[in-house]
Structures are given as structure tokens and as C-alpha cells.
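Taking it in order: structure first as C-alpha cells, then the write-up.
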Amino acid sequence: MLMLGFAGFMGILKIVLMALAAFGLFDAAFRREDAFRAADKQNKVFWLIILGIALVVSYLFSLLSILPIAGAVASIVYLVDVRPALRQVGGGRGWGRRGGSSSDGPYGPYNGGR
């Protein structure tokens, strides 16, 4: 019974680590390339490769090996260090609306030709 509980916990932990890596991968994919340079972080391709490897490794290997732990560390570094720096440089989300009003155009607010 104890082993069944441990296996269930490890399964849940594996799903959480995969979700963490997947979220980081999708977040990095929708960020602009120049935001990585402006935040003085590694480039976008580097983080896409690292987070993609972290996702694959967390799926394929047991959590008791070193590779999923390294992938979890990479995902956590992206989420707590790189992502906030990118949000600060990029001014918000990496995808979707960037805020502002519905009358904002590509060069600022539209004032009706005044």
C-alpha cells in the first residue's frame, strides 16, 4: 500500500514537472526575440531548445534520475529569472493583447483625426 501511494505521488510530480516545462516552452515560443537580447538573457532559440529537452526528458525518464531534475531546474530558472525580465522589458504578456484601450493603433492611441 505504501508503494502504491509513492507511485501515485511520483506520477503526480512527473505531471507537474512536465506542465512546468510545457508552460515555459510555450511562453518562450510566444516571446519576441529582441526581448531576450534587451533583457540580457540567452537568446530565444537557446531557451526553446533547453525547455523542449526538459519536457522530453521529464516524459521519458524516471524522476529518480538526474536528467528530469536538471530539466526541472532549467524550467524553474526560466520561470523565476528569465520570464520576469522579459515581462519587464516587453511590457506585459508575450502573446495576446498588450493592454491599452480598444482605440490604440500601431503607433499609439487613435484620436479621431484631431
Side-chain angles (χ1 to χ4, degrees):
M1 175 125 172
L2 184 61
M3 290 302 290
L4 184 62
F6 181 71
F9 172 74
M10 292 301 279
I12 291 172
L13 188 59
K14 186 172 189 167
I15 291 171
V16 167
L17 291 181
M18 285 174 50
L20 193 68
F23 176 75
L25 180 65
F26 288 123
D27 185 70
F30 287 106
R31 297 283 174 180
R32 294 187 346 227
E33 172 67 36
D34 59 342
F36 286 88
R37 288 186 304 243
D40 198 27
K41 302 295 178 187
Q42 291 288 334
N43 62 6
K44 181 177 182 173
V45 174
F46 172 82
W47 282 108
L48 289 175
I49 290 171
I50 293 295
L51 293 170
I53 290 172
L55 180 61
V56 169
V57 162
S58 65
Y59 176 72
L60 292 179
F61 293 97
S62 167
L63 291 180
L64 300 176
S65 66
I66 192 73
L67 293 176
I69 295 170
V73 168
S75 299
I76 292 170
V77 165
Y78 177 80
L79 291 176
V80 301
D81 181 42
V82 178
R83 186 171 185 259
L86 294 176
R87 289 184 71 164
Q88 186 176 18
V89 169
R93 295 178 225 112
W95 43 275
R97 283 184 56 95
R98 293 208 180 271
S101 71
S102 62
S103 65
D104 284 352
Y107 305 109
Y110 178 70
N111 61 7
R114 288 183 260 160

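The first residue in the sequence is number 1, and the count goes up from there.
Note that the CG atom of Leu17 and the CE atom of Met10 stand 9.0 Å from one another [nearest 0.5 Å].
Phe23 is connected to Phe36 through a chain of hydrophobic side-chain contacts under 4.5 Å among Ile, Leu, Val, Met, Phe, Trp and Tyr, so both are in one cluster. Residue Tyr78 is grouped with residue Val45 when hydrophobic side chains (ILVMFWY) are merged at heavy-atom distances under 4.5 angstrom, including chains of intermediate members. Leu25 is not connected to Ile15 by any chain of hydrophobic side-chain contacts under 4.5 Å among Ile, Leu, Val, Met, Phe, Trp and Tyr, and they are in different clusters.
Heavy atoms from other residues, nucleotides or ligands lying under 6.0 Å from CG of Asn43 number more than 12.
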For residues 46-64, dump all side-chain donor-acceptor pairs below 3.5 Å to protein atoms at least two apart in sequence or in another chain.
unit_1: Ser58; atom_1: OG; unit_2: Ala54; atom_2: O; d: 3.1
unit_1: Ser58; atom_1: OG; unit_2: Leu55; atom_2: O; d: 2.9
unit_1: Ser62; atom_1: OG; unit_2: Leu64; atom_2: N; d: 3.2

Just distance, no hydrogens or angles: give the donor-acceptor pairs under 3.5 Å from side chains in residues 79-86, sequence neighbours left out.
unit_1: Asp81; atom_1: OD1; unit_2: Lys41; atom_2: NZ; d: 3.3
unit_1: Asp81; atom_1: OD2; unit_2: Lys41; atom_2: NZ; d: 3.2
unit_1: Arg83; atom_1: NE; unit_2: Asp27; atom_2: OD1; d: 3.4
unit_1: Arg83; atom_1: NE; unit_2: Asp27; atom_2: OD2; d: 3.3

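Residue pairs meeting the salt bridge (charged side-chain N to carboxylate O under 4.0 Å, His left out) criterion with at least one member in residues 42-70, sequence neighbours excluded, do not occur. Counting only residues at least two apart or in different chains, salt bridge (charged side-chain N to carboxylate O under 4.0 Å, His left out) contacts with residues 61-72 are absent.
Here the side chains of Arg32 and Arg37 are not in contact, with every heavy-atom distance at 4.5 Å or above.
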